[in-house]
K.L.:
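Have a look at this one before I ask anything.
Worth knowing before you read on, the calculation uses all heavy atoms, side chains too, and leaves out hydrogens, waters and symmetry mates. Indexing begins at 1, ligand by ligand and atom by atom, following the structure's order.
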Amino acid sequence: MGLLDVSNLRAGYGSVPVLHGVSMSIEEGSNAVLLGLNGAGKTTTLLALAGLLPVSDGDVYYDGEPLTGSPGARVRSGIVLVPEGRHVFPALTVRQNLRLGAWTVRGDSRRFRQNLGEVYSIFPRLGERSDQLAGTLSGGEQQMLAIGRGLMASPRLLLIDEASLGLSPKLTEQVFEAVKVINQRGVTVLMVEQNAGVLEQADTAFVMQQGRITVAGKGSAMLDDEAVREAYLGS
Ligand SMILES: Nc1ncnc2c1ncn2[C@@H]1O[C@H](COP(=O)(O)OP(=O)(O)O)[C@@H](O)[C@H]1O
Ligand SMILES: [Mg+2]
């Protein structure tokens, strides 16, 4: 049994189905990747796991228990989503943005300082810019801030939606590297990506097509499989 076990998950928007029975298992401590082209249903999957979208069928187990709580309860239990598009608060400083992510540790000032120190050690650039308004950061820095804000909630399972979107290859590499460090420090990670370069660091990879998982395996094996890459990833 994994930290997260999803079986036959179905969800959509109104009467329009998008996920047609998604199944995947994510081991505690692993770095997992969900790859797929635009419109495959990756964001929909994360929204359903975060409790932000109703599920019409299927089972999700987290830490051995059925996952049914409100979005807030899920965050408190350690499931933290870093949403697609970053959504930092532009008129607030870096530090204020980070503080907003820390609502689950409200009242625990030691934990807050510990998490803040952790974020600044993983993203030194955020430490250097802690008093800068988030809206004046570069795209890469805003992505780091969005991930850092997620870390402030003490995640056990971090869901990261398309961190590389719109970033240069160099910044993408930096962000992927940071996620690798976060995983090495003990956080289970599920990254959603269109960039197959992420397979290099993935223990487990799932390919999603039209609301279904069509390939699952080790990230490194998939990276080497030209046929899989051409057929499913468009690269
Ligand atoms: N709010 C929405 N209302 C209706 N349909 C949506 C909405 N968001 C996404 N969709 C549709 O759901 C499908 C999957 O979208 P999404 O999960 O965002 O894909 P991905 O993240 O893989 O690019 C697409 O066909 C998209 O048009
Ligand atoms: Mg998406």
K.L.:
Give a yes or no on whether Thr43 keeps an N, O or S atom under 2.8 Å from the Mg ion (ligand 2).
P.N.:
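It does; at least one qualifying atom falls short of 2.8 Å.
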K.L.:
Could you identify the single nearest non-hydrogen protein atom to atom 18 (O) of ligand 1 and state the distance to 0.1 Å?
P.N.:
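Nearest neighbour among protein heavy atoms for atom 18 (O) of ligand 1, to 0.1 Å: Thr43 CB, 3.7 Å.
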K.L.:
Does only the side chain of Val192 get under 4.0 Å from ligand 1, or the backbone, or both, or neither? Count heavy atoms.
P.N.:
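For Val192, no heavy atom sits under 4.0 Å from ligand 1.
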K.L.:
Just to confirm my output: which protein heavy-atom neighbour is closest to atom 15 (O) of ligand 1, and how far is it?
P.N.:
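Heavy-atom neighbour on the protein nearest atom 15 (O) of ligand 1: Thr44 OG1, 3.8 Å.
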K.L.:
Identify the closest protein heavy atom to atom 25 (O) of ligand 1: which residue and atom is it, and at what distance?
P.N.:
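Checking every protein heavy atom, the shortest distance to atom 25 (O) of ligand 1 gives Gly39 O, 4.1 Å.
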K.L.:
Here's a test for you: under side-chain hydrogen bond (donor to acceptor under 3.5 Å, both in side chains), which of Gln143, Glu141, Gln142 qualifies with Arg86?
P.N.:
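So, applying the side-chain hydrogen bond (donor to acceptor under 3.5 Å, both in side chains) to Arg86 and each of Gln143, Glu141, Gln142, only Gln143 qualifies.
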K.L.:
May I ask you to identify the nearest protein heavy atom to atom 19 (O) of ligand 1, giving residue, atom name and distance to one decimal place in Å?
P.N.:
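Heavy-atom neighbour on the protein nearest atom 19 (O) of ligand 1: Gly41 N, 3.2 Å.
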K.L.:
For ligand 1, which atoms, with element, lie under 4.0 Å from some heavy atom of Ala40?
P.N.:
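Those atoms are 19 (O), 20 (P), 22 (O).
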K.L.:
For side chain to side chain contact (heavy atoms under 4.5 Å, CB included), just list the numbers for Gln96 and Leu100, CA-CA rounded to whole Å, side-chain angles, deciding distance to a tenth of an Å, and then say yes or no.
P.N.:
CA-CA 6 Å; Gln96 286 167 335; Leu100 284 174; 6.0 Å; no
K.L.:
Under 3.5 Å between some N or O of ligand 1 and some N or O of Glu162?
P.N.:
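Min N/O separation from ligand 1 is not below 3.5 Å for Glu162.
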K.L.:
Is there a path of hydrophobic side-chain contacts, each under 4.5 Å between heavy atoms, that joins Leu199 and Val215?
P.N.:
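Yes, it is one cluster - the side chains of Leu199 and Val215 are joined through contacts under 4.5 Å.
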K.L.:
More than 12 heavy atoms of other residues, nucleotides or ligands under 6.0 Å from CD of Glu128: is that the case?
P.N.:
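Yes, because the 6.0 Å sphere around CD of Glu128 holds more than 12 heavy atoms from other groups.
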K.L.:
If the cut-off is 4.0 Å to any non-hydrogen atom of Asn38, which atoms of ligand 1 fall inside it?
P.N.:
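The atoms of ligand 1 under 4.0 Å from a heavy atom of Asn38 are 23 (O).
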K.L.:
Any side-chain heavy atom of Glu173 within less than 4.5 Å of one from Glu177?
P.N.:
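With C-beta onward as the side chain, the pair stays apart.
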K.L.:
Between the side chains of Ser121 and Arg185, does any donor sit under 3.5 Å from an acceptor?
P.N.:
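Present: a donor and an acceptor within the cut-off.
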K.L.:
Around atom 22 (O) of ligand 1, find the nearest protein heavy atom and jot down its residue, atom name and distance.
P.N.:
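Going atom by atom, the protein heavy atom closest to atom 22 (O) of ligand 1 ends up being Lys42 NZ, 2.7 Å.
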K.L.:
Among the N/O/S atoms of Glu84, select the one at the shortest distance from the Mg ion (ligand 2) and name it.
P.N.:
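Restricting Glu84 to its N, O and S atoms, the minimum distance to the Mg ion (ligand 2) goes to OE1.
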K.L.:
If you count every heavy atom of other residues, nucleotides or ligands that lies below 6.0 Å from Gln210 atom CD, does the total exceed 12?
P.N.:
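Open: at most 12 neighbouring heavy atoms sit under 6.0 Å from CD of Gln210.
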K.L.:
Note the single closest protein heavy atom to atom 5 (N) of ligand 1, along with its residue, its atom name and the distance in Å.
P.N.:
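Protein heavy atom with the smallest distance to atom 5 (N) of ligand 1: Tyr13 CD1, 3.5 Å.
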K.L.:
Do Asn8 and Ser23 have a side chain donor and acceptor closer than 3.5 Å?
P.N.:
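Judged by distance alone, the side chains do not pair up.
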K.L.:
Among all protein heavy atoms in this structure, tell me which lies nearest to atom 12 (O) of ligand 1, with the distance rounded to 0.1 Å.
P.N.:
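Looking at atom 12 (O) of ligand 1, the protein heavy atom closest to it is Val18 CG2, 3.3 Å.
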